[in-house]
Amino acid sequence: MTSVTSAAAMKLLDLRLKHAGSILASSIGEFTSTGGQEIACLRAGGTIDLYRIVISQSSGGGDGEDDEEEEEEEVSTTLQLVSRVETRSTLRSVSPLRISGSKRDVLVVGSDSGCFSILDFENTLPNSTAPSILHCPPFGKPSIRRDTPGQYLATDPRGRACMIASLEKRKLVYVVHRDGTGKVTLASPLEAHRPRTLVFDLVGVDNGYDNPIFACLEVQYEEYEDGVLKERKRRELAEEGNNNNNGEDVKIGQPGDGFTKQLAYYELDLGLNHVSRRWATTAHRTACCLAAVPGGADGPSGVLVGGENYIEYLHEGMAAPPLPNGETGGDVKPRRMICAFPRRELHPSSKGVLITSISVLKQKKGKFFALAQSELGDVYKVTLKMPKDDKTTVVSMTVCLLDTLPVSNGMNISKLALLFLPAEFGDHALYQFDAIDIEDAAVKCTSTETISALLKSGNLQVHNGEDEFYGLSQTAAEMAPTFRPTLLKNLHKVFTLDSLAPITSVLVGELAGNEVSPQIYTLCGRGPSSSLRVLRHGLSVTELAVSELPGVPGAVFNVRDDKAVGKNGKFYDRYIVVSFADATLVLSVGETVEEMGKESGFLTTEPTLACSALGSGTGDRGGGIVQVYPGGVRHIQRGSVSQWHVPGIKKIECASANESQILIALVGGELIYFELDPLSGNLTEAATRDVGADVCSLDVGAVPKGKSRSLFAAVGCRDSTVRLLSLAPGGSLLEQRSSTALGTTRPHSVALSNVEGA
């Protein structure tokens, strides 16, 4: 007989042992404050992580007075997690957007939800790191479809619009502006659809404050019905013995052949509120990635196109590249500003090398440079040369080897001379630039050398000869200089984000031999980044001191020091209180750990049931320290001690305390509640209650941030129940609010926890 469990009866809880490690996409910007640099990462599993680049300096080195002048400051660079957002979706694309009139960036994210979101990480909720959602407009059905936008996302460098595109056909443009109150608003989407078109990449073109332009790398294929009719007509002509083409087919090399890629400009006319396909040109057939070149007053504008064996510069209205000295192009002139890049020495000449990502950094005084990474991990610096009197014309291009790094999903270049490489497989790394002006000493190739090789080959005079020349890997291998990968020369690693992705095998077991919890052994990574890692339950700790104890402790408490405040506003701990069966050991924490006697004010001849520092820790009237032992409550304040003794022959069974509240349970089930008077700093008995059963555990919880007391107490009783009592001031003090029966199980301990944002 098969039993069927209803959906209402099943209760499943999704708990992650560790967040996903692989990063699908990332972007860099100033998301939380002006001047800071943060990196937004889209992780597998639908998590958005925001990391802040933190550079700290610490002095060190000198042992004596003579070494003070030689003391050097050690610089430490780390990535600090600022915010983590669980979206419960499949994230697909991300791009920063600096809205006109703003000094910070907002984050635009595309997913499989059928809408995209604009997130602001400054206006977060109180006591929370979650961003505020400025807009989340829907545009299609949920899930990932080839015609549902979300796979590609691009923003205007001037913050006026954003375009979101699908793998095929559909493109939507949203105009971003502010209303009269300064609130960010989105206009209705404008369509820029193009049928039978596949998209490979999308980027916003920097053309100053002219109409926004988006560059799209796309290919148009032939209509299926037309292809079937043409194939049928070919067969009929073949049967008749006539093999002549009637001229209806799309020739190879022309748009619509399903093979030739084009770089197209889509212009948003802000005056007419209309999007049009403004310009298009043929790109290299293996092109796969784009990067916008600074424009306006900062550069020539245009787009860098990365493909197999070559990097190309394209822009509307660009002039033909100048011929090398002494070269003549004949009747046909070269039309492409294209440059080969150095190749590895042992790489087969018949196999191409693909550029997978390009990133551009705009510097001061109109300077900029680009970095491109190949599928092998080699990183190249791309430099565009322009005349001194005309910053809008590119006359040559240089590609030189920077270093060899792990393969990444993209490159994020920071203004702080840092490079972040997120990876889908393996660890993520943050690198520091040691040198960037390397054109004179590095292995390099120029566009002049590439065009010169084209002219010498004679292919330029043949129809489509230029495309055929650049389409062969052998020709690129012959003209490109070679190199051997070495250790890092111009970069050095400063920080690493660990990642287990991908996990190819897992083994769980207690193989260490001396640990209680089993370990998780995983095979991680891919290729040269593969590793064997051991995961253990819990947090890693650093052992600072070891002290032998006279017996088996029953409880350990820490007491803060109101006079010692850290940089983050938190208090350091002053005492470590160790409770035994018939005594209490008090240890003073400082540069060394020392045992304290009666001078501490603690009663050391009795076990300690609860201990806590009282008050907020600020002001002249500190609350002191409270110690609960079986015979009473001891209040230590400003060198004096006051005690409350248990009436009769009863004893305290258990107790709990926080900054302003103490709750004790006597034998028999009687509860007595104390509160700290904020004016006098004394403890006052506020309420008593008999719960009708012996109490074996209780907890008053921690005081929430911004509050003066905890509003509830949890009480575990020997009758196998856990009860929730009210601590709200008024007539409802110690009244029962809820209870839970545990069957035949007795509660050994209870704890209350505050959930942020709840």
Side-chain angles (χ1 to χ4, degrees), residues 20 22-27 40-48 85-97 106-119 131 133-156 161-176 185-204 212-225 256 258 261-268 273-277 287-290 409-410 424:
S22 62
I23 295 178
L24 306 178
S26 62
S27 63
C41 303
L42 304 188
R43 292 188 181 268
T47 303
I48 303 176
V85 184
E86 294 283 354
T87 64
R88 301 292 180 180
S89 63
T90 301
L91 301 174
R92 307 171 68 185
S93 55
V94 63
S95 179
L97 175 66
V106 295
L107 195 67
V108 186
V109 181
S111 66
D112 65 340
S113 61
C115 58
F116 76 96
S117 302
I118 301 180
L119 307 179
I133 302 176
L134 299 182
H135 288 281
C136 189
F139 49 72
K141 297 179 180 179
S143 75
I144 299 178
R145 295 180 172 89
R146 65 178 187 175
D147 60 344
T148 300
Q151 183 64 32
Y152 299 101
L153 183 65
T155 56
D156 175 46
C162 59
M163 173 182 279
I164 186 166
S166 61
L167 287 170
E168 183 179 0
K169 182 182 176 180
R170 297 185 64 193
K171 303 179 188 69
L172 298 175
V173 178
Y174 289 83
V175 180
V176 184
T185 60
L186 284 181
S188 300
L190 303 175
E191 296 182 353
H193 306 333
R194 192 163 187 258
R196 299 181 290 110
T197 301
L198 300 178
V199 179
F200 288 84
D201 203 1
L202 183 68
V203 71
I213 294 178
F214 298 93
C216 182
L217 186 63
E218 60 189 24
V219 60
Q220 190 175 39
Y221 57 88
E222 193 176 16
E223 187 69 36
Y224 174 75
E225 291 78 5
K261 290 182 181 177
Q262 284 192 313
L263 178 72
Y265 277 6
Y266 289 86
E267 180 184 12
L268 168 63
N273 201 29
H274 174 71
V275 181
S276 60
R277 194 169 188 262
C288 63
C289 58
L290 302 175
N409 282 343
E424 188 175 359

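In this chain, residues are counted from 1 in sequence order.
The only option from Leu217, Leu290, Leu263, Leu167 that meets the side-chain contact (heavy atoms from CB on, under 4.5 Å) definition with Phe200 turns out to be Leu217.
Taking each heavy atom of Arg194 and Tyr266 in turn, the nearest pair found is CD-OH, 3.7 Å. Nearest approach of Leu268 to Ala161, heavy atoms of both residues: CD2-CB, 3.6 Å. Contact detail for Cys162 and Thr155: the closest heavy-atom pair is CB-CG2, 3.9 Å.
Remark: Arg43 pairs with Asp49 by the salt bridge (Lys or Arg N to Asp or Glu O under 4.0 Å) rule, at least two apart or across chains. Residues that satisfy the side chain to side chain contact (heavy atoms under 4.5 Å, CB included) test with Thr87, not counting sequence neighbours, are Ile48, Val85, Ser89, Leu91. Partners of Glu267 under the salt bridge (Lys or Arg N to Asp or Glu O under 4.0 Å) rule, at least two apart in sequence or in another chain, are Arg278. Taking Glu86 as the reference, Arg16 meet the salt bridge (Lys or Arg N to Asp or Glu O under 4.0 Å) condition, with sequence neighbours excluded. Scored by the side chain to side chain contact (heavy atoms under 4.5 Å, CB included) test, Ile144 finds Thr90, Arg92, Asp112 as partners (sequence neighbours excluded). Judged as a side chain to side chain contact (heavy atoms under 4.5 Å, CB included), and not counting sequence neighbours, the contacts of Val199 are Tyr152, Lys171, Cys216. Here Tyr174 pairs with Phe116 under the ring pair (Phe, Tyr, Trp, His ring centres under 6.0 Å) rule; sequence neighbours left out. Scanning for side chain to side chain donor-acceptor pair (under 3.5 Å) contacts around Tyr265 gives His315, with sequence neighbours left out. With sequence neighbours excluded, no residue forms a side chain to side chain donor-acceptor pair (under 3.5 Å) with Ser276. The side chain to side chain donor-acceptor pair (under 3.5 Å) test applied to Ser166 returns no partner, not counting sequence neighbours. Every residue meeting the side chain to side chain contact (heavy atoms under 4.5 Å, CB included) condition with Cys288, not counting sequence neighbours, appears here in chain and number order: Leu354. Looking at residues two or more places apart in sequence or on another chain, you find a side chain to side chain donor-acceptor pair (under 3.5 Å) between Ser143 and Arg145.
Counting heavy atoms from C-beta on, the side chains of Asn409 and Ser26 never come closer than 4.5 Å. Put simply, the side chain of Glu424 does not reach to within 4.5 Å of the side chain of Ile23, judged on heavy atoms.
By the neighbour-count criterion of 12 heavy atoms within 6.0 Å, atom CZ of Arg277 is densely surrounded, having more than that number from other residues, nucleotides or ligands.
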Assess whether side-chain contact (heavy atoms from CB on, under 4.5 Å) is satisfied between Val173 and Glu191, documenting all intermediate values. CA-CA 7 Å; Val173 178; Glu191 296 182 353; over 6 Å; no

Does the pair Lys169 and Thr197 meet the rule for a side-chain contact (heavy atoms from CB on, under 4.5 Å), with working shown? CA-CA 5 Å; Lys169 182 182 176 180; Thr197 301; 5.9 Å; no

